[in-house]
Every structure is written in C-alpha cells, then in structure tokens.
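Side chains are part of it too, since the values below use all heavy atoms of this structure and drop only hydrogens, waters and symmetry mates. The sequence lines fix the lettering, A, B, ..., with proteins before strands; numbering per chain opens at 1.
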There are 2 protein chains.
Amino acid sequence: MDPEAASISTLGQALLGLLARQPGTGYDLAARLRRPIAYFWTAQHSQIYPELARLDRAGLIRHEASVGRGPRPVKHYDITEAGLACHRAWVTGPVSVRPARSEETLQVWSLWLSDDPDQARAWVTMRRAAHDARLATLLGERDALLAEGPVEPGQPRWSNLAAVELGIRVARSTVEWCDWLLTDHLPPQ
Amino acid sequence: MDPEAASISTLGQALLGLLARQPGTGYDLAARLRRPIAYFWTAQHSQIYPELARLDRAGLIRHEASVGRGPRPVKHYDITEAGLACHRAWVTGPVSVRPARSEETLQVWSLWLSDDPDQARAWVTMRRAAHDARLATLLGERDALLAEGPVEPGQPRWSNLAAVELGIRVARSTVEWCDWLLTDHLPPQ
DNA sequence: CCTTTCATGTAATGGGTTACATGATTCG
DNA sequence: CGAATCATGTAACCCATTACATGAAAGG
C-alpha cells in the first residue's frame with residue numbers, strides 16, 4: 001500500500017504481469033521472460049533479482065523462502081493485492097513515449113553511401129531473411145495458440161494472441177518493405 | 001587511422017552519417033537528429049558533445065574552432081576520409097541484434113487483466129489515434145520528398161525515402177492491428 | 001524587456017549488459 | 001565424469017535522460 005507504487009519501472013511491471021499469471025522463482029521468471037516475451041521485452045537475471053527485491057520491499061509482491069540446492073535459499077514469489085491493483089492501473093494507462101531505437105533504419109538512412117550496389121542488395125536480402133524467419137516463428141506461435149482452443153477476452157491467452165498478432169503484422173510489413181526495395185528501388189543486378 | 005575504429009557506438013555512427021551528408025556544429029547536428037531521424041533514433045545534446053569529442057580523438061571527424069557568441073568557441077565539424085570509410089563499412093555490416101523494447105506490447109500482454117472492457121477499448125482507441133497521427137506525418141514527409149523531384153539510388157534522398165517508407169508500412173500495419181482488435185477481438189460496446 | 005535561438009559543456013542518476021562468484025542435482 | 005539445469009546474488013561498465021550552468025544575438 002505504498003503511495004509510491006506508481007513509480008515502478010517497466011521491468012517491474014513486466015514481472016508483475018508474469019506473477020499475475022502464475023507465481024514462481026526469480027529463475028523461473030527469467031526463463032518465462034526469455035521465451036514468449038522476448039519479442040517485445042528482455043532482461044537478464046542480474047537485473048531481475050534486484051528488481052524483485054524492490055517490488056518486495058514496496059509490498060507489491062511477497063515471497064516464501066525455502067532451503068535451496070545452492071548456497072542461498074530459494075525464494076518463491078507471488079503477487080499481492082496491492083501489486084495486482086498497481087499493475088491493473090498501469091495496463092490501461094498512457095504509453096510512456098520512449099524514443100525509437102532502430103539501428104537497422106539508421107543503416108538504411110546511410111545506405112545511399114554504399115559504393116557497391118551488390119553489397120546493398122545483399123544487405124537487404126539478409127534483412128529480409130531475418131524478418132521472414134521471425135514472421136515464421138510468430139505464425140507458428142499463433143497456430144499453437146489457436147490449436148489449444150478458443151481464445152476469449154479476460155484470459156491470458158487472449159493477450160498472448162493480441163501480442164503475437166501485432167508482431168506478425170509488423171514482421172510481414174517489414175518483409176514486404178524489403179521486397180519493395182529489392183524489386184523496384186535498388187539498382188538492378 | 002585508429003585500428004579501434006570499429007568500436008564506434010550507434011550514436012557515433014549516426015553522427016558520422018549526418019556529417020557524411022553535410023558538415024555542421026554540434027548544435028546543428030542535434031537539430032538535424034531531432035527533425036527527420038527522430039522516428040528511429042534520438043539523442044540529447046548532452047550525449048552528442050562528448051561523442052563528437054570521442055570521434056574527433058579517433059580521427060574520424062575533424063573540427064575548426066571559431067569565436068562564438070557564448071563563453072565557448074564554436075566548433076564546426078566535418079567527416080574525415082577515415083570516418084567515411086568506417087561509416088561505409090558499418091552501413092552494410094550486420095545489424096546488431098539489440099533486444100526489442102516495446103512497452104506498448106507489454107501492456108497488451110497484460111490487457112487481459114483489465115476488469116473494465118470499456119477501459120480496454122478506450123486504451124486501444126487512444127493507441128490507434130497515436131499511430132494514425134504518426135502515419136499521417138510520415139505520409140506528408142514522403143509526399144514532400146517526392147515533390148522535390150525524382151529519387152534515385154546513390155543520393156541521400158533515396159535513403160530518406162526508404163526509411164520513411166518503412167515507417168509508413170509499420171505504422172499502417174499497427175493501425176490495422178488496432179482495428180482488428182476493435183472490430184472482432186474485444187468485448188463489444 | 002522577455003523569449004527564443006544559437007552554442008557548448010558537466011554532473012547526477014537510472015536502466016541495462018557483461019562478467020564475476022558459488023554450489024547442488026540431474027542427465028548423458 | 002562432464003555438461004546442463006536450477007538457483008541467487010554482486011560489481012564494473014556503458015548508454016541515455018534530466019538537470020545544472022553560461023552567455024550573446026535576434027525578434028517580437
């Protein structure tokens with residue numbers, strides 16, 4: 001019930017979102033952050049453990065410690081009522097406009113300098129392959145999700161589908177942009 | 001002629017790209033970074049001035065100082081041969097895979113928690129408006145570019161068009177994703 | 001006269017990556 | 001017996017944002 005609950009970092013909210021779905025250890029959260037969420041957010045364990053400690057101190061999550069196999073006890077985290085309320089308030093709140101960082105587009109923005117047209121073509125072809133691979137992965141993810149059964153609002157799987165669908169659309173339009181460059185807008189051969 | 005020339009930060013490459021197009025002062029570069037490039041990279045002047053000093057020390061750019069209006073001399077920067085070579089090598093090099101950071105998608109990923117469906121609809125509608133505004137700006141940018149005359153490879157304007165076109169496609173598909181959510185995949189009313 | 005623009009820096013702080021450190025269990 | 005997995009932490013460093021600091025010229 002901290003009045004400062006609003007000043008939670010994005011990673012903190014990501015962890016609250018994970019714990020709202022299912023409790024787990026820091027190690028477990030790191031793994032779950034890697035696998036399905038890596039398309040739009042990532043963090044290393046070195047960042048996760050201190051952040052969990054902060055959320056704990058703020059009363060947004062709680063933990064139960066048990067003797068671990070390693071030198072330190074294992075901490076099983078769960079979200080509190082206050083944490084759930086804080087996270088709920090954040091999801092429909094305004095999107096913080098953090099500046100865009102696309103190194104790829106920066107390279108495009110200097111691609112006119114490439115003296116060798118073949119090299120420019122090769123670069124775009126490589127980019128196309130990378131985005132196409134991402135698209136294929138996301139399509140697979142969507143298929144798996146739909147195969148599990150009907151997806152309805154109010155369930156985690158609904159959010160999963162929405163996020164994957166956004167990724168698919170962005171990946172597809174990026175592939176199409178590569179094709180647009182390769183067919184019409186680069187010197188031929 | 002530093003052998004360490006490969007270890008230039010992304011911001012450094014952005015500045016080299018700006019200077020490859022046209023020389024200028026740090027202040028000028030900050031302004032040029034704000035206006036057309038802000039869609040895919042940004043930096044504050046407090047980051048730019050030290051970075052220019054580093055590039056200068058590495059011999060990738062050079063400067064001529066003249067007496068300024070303020071307390072310090074004005075430095076007019078220009079790219080060197082070594083700097084141009086370093087930047088050329090970077091543009092067609094591999095894209096460094098920096099992890100995705102989309103706070104917006106993170107929110108979508110927890111949007112299933114929203115107990116009030118109206119609030120979820122309002123959030124998506126707000127997002128749609130934001131992306132639509134960005135799309136409109138980019139379309140205007142493209143029109144202005146094409147109105148200036150034909151765009152051909154090997155010129156800066158070719159890169160400008162390519163970058164804007166990518167932005168347009170991504171913005172458009174994101175707007176379409178919002179519509180997909182609003183029409184079929186949110187509880188009605 | 002006040003605000004904006006031109007012009008360049010430093011300091012403090014926060015977010016994030018890489019590397020350092022430890023140690024038991026499980027699987028091949 | 002060695003590698004991967006489970007499990008948790010700290011330290012050093014880099015990148016980026018915000019704030020602090022200075023001061024002339026131009027325009028309304």
Side-chain angles (χ1 to χ4, degrees), chain A residues 4 6-15 23-35 37-38 40-58 61 63-77 96-103 106, chain B residues 4 6-15 23-35 37-38 40-58 61 63-77 96-103 106:
Chain A
E4 306 262 341
S7 66
I8 300 297
S9 73
T10 306
L11 173 61
Q13 293 292 354
L15 295 173
T25 67
Y27 185 90
D28 175 43
L29 294 172
R32 286 162 63 193
L33 202 55
R34 260 198 310 279
R35 238 284 293 183
I37 317 189
F40 46 93
W41 206 269
T42 57
Q44 309 299 316
H45 76 268
S46 60
Q47 206 185 350
I48 290 170
Y49 289 117
E51 185 63 34
L52 285 171
R54 264 190 293 275
L55 294 173
D56 205 343
R57 260 179 274 128
I61 62 177
H63 76 270
E64 267 177 64
S66 62
V67 274
R69 299 186 290 195
R72 271 172 281 259
V74 176
K75 294 178 184 172
H76 297 266
Y77 285 101
S96 78
V97 277
R98 47 182 71 223
R101 302 235 166 263
S102 169
E103 188 162 345
L106 247 194
Chain B
E4 306 261 343
S7 66
I8 300 297
S9 72
T10 306
L11 174 60
Q13 292 292 353
L15 294 173
T25 65
Y27 184 91
D28 176 44
L29 294 172
R32 285 162 62 193
L33 202 55
R34 261 198 310 278
R35 238 283 293 182
I37 317 187
F40 45 94
W41 206 269
T42 56
Q44 309 300 317
H45 76 267
S46 59
Q47 208 186 348
I48 291 169
Y49 289 117
E51 185 63 34
L52 285 171
R54 264 190 294 276
L55 294 172
D56 204 344
R57 261 179 274 129
I61 62 176
H63 76 269
E64 270 177 61
S66 62
V67 274
R69 300 186 290 192
R72 273 174 281 260
V74 176
K75 294 177 182 171
H76 296 266
Y77 285 101
S96 79
V97 276
R98 48 182 71 223
R101 303 232 166 263
S102 170
E103 189 162 345
L106 248 195

- Message: Check the phosphate of D/dT17 against A/R101, side-chain N and O only, distance under 4.0 Å to OP1 or OP2. Yes or no?
- Response: yes

- Item | Proximity to the side chain of B/H45 - top-ranked nucleotide from D/dT10, D/dA21, C/dA7 | D/dA21

- Item | Atom pair distance, as rounded to whole Å: NE2 in B/H63 and C1' in C/dG9 | 14 Å

- With sugar-phosphate meaning primed atoms plus P, OP1 and OP2, does B/G26 contact a base, only sugar-phosphate, or nothing at under 4.0 Å between heavy atoms? sugar-phosphate

- Between C/dG16 (P) and A/R54 (CZ): distance, integer Å: 10 Å

- Query: Looking at D/dG9, D/dA16, C/dG9, which one has an atom nearest to any side-chain atom of B/W41?
  - Reply: D/dA16

- To the nearest Å, give me how far apart CZ (B/R34) and C1' (C/dC6) are. 11 Å

- Task: Could you state the atom-to-atom distance from CD of A/E51 to C1' of D/dG9 in whole Å?
- Result: 15 Å

- Item | Audit row: B/L29, B/H45, side chain to side chain contact (heavy atoms under 4.5 Å, CB included) steps and yes/no | CA-CA 9 Å; B/L29 294 172; B/H45 76 267; over 6 Å; no

- Contact nearer the 5' end of DNA chain C, comparing A/G70 with A/S9: A/S9

- Message: So for A/T25 and D/dT8, does any side-chain atom that can act as donor or acceptor lie under 3.5 Å from a complementary atom in the base?
- Response: no

- Closest to the 5' end of DNA chain C, once B/K75 and B/P99 are matched to their nearest nucleotides, is B/K75

- Between CZ of B/R32 and C1' of C/dT5 the distance, given in whole Å, is 18 Å

- Query: Rounded to whole angstrom units, what separation is found between the CG atom of A/L29 and the P atom of D/dT5?
  - Reply: 18 Å

- Item | Side chains of B/T25 and B/H63 in contact at under 4.5 Å (non-hydrogen atoms) | no

- Item | Chi angles and distances behind the side chain to side chain donor-acceptor pair (under 3.5 Å) call for A/R54, A/S9 | CA-CA 10 Å; A/R54 264 190 293 275; A/S9 73; 6.0 Å; no

- Message: Using the side-chain heavy atoms of A/Y49, tell me which of these nucleotides is nearest: C/dT8, D/dT8, D/dT17.
- Response: D/dT8

- Query: Over how many whole Å does the gap from A/D28 atom CG to D/dC6 atom P extend?
  - Reply: 9 Å

- Please work out if B/T10 contacts a base, only the sugar-phosphate, or nothing of the nucleic acid, heavy-atom cut-off 4.0 Å. nothing

- Task: Show your reasoning for whether side chain to side chain contact (heavy atoms under 4.5 Å, CB included) applies to A/W41 and B/R101.
- Result: CA-CA 5 Å; A/W41 206 269; B/R101 303 232 166 263; 3.2 Å; yes

- Are B/H76 and B/S66 close enough that some pair of their side-chain heavy atoms sits under 4.5 Å apart? yes

- Query: Nearest-Å distance, OH (A/Y27) to P (D/dT8)?
  - Reply: 10 Å

- Taking the side chain of A/R98 as heavy atoms from C-beta outward, which of D/dA16, C/dA7, C/dG16 is closest to it? C/dG16

- Query: Taking OP1 and OP2 of C/dG16, is either one under 4.0 Å from a side-chain nitrogen or oxygen of A/Q44?
  - Reply: no

- Message: From the set D/dT17, C/dA19, D/dA21, return the single nucleotide nearest to any side-chain atom of B/Q47.
- Response: D/dT17

- Task: Please tell me which of the listed nucleotides, C/dC6, C/dT22, C/dG9, lies nearest to the side chain of B/R69?
- Result: C/dC6

- Pairwise distance CD(A/E51) to CG(A/L15) - rounded to 0.5 angstrom: 6.0 Å

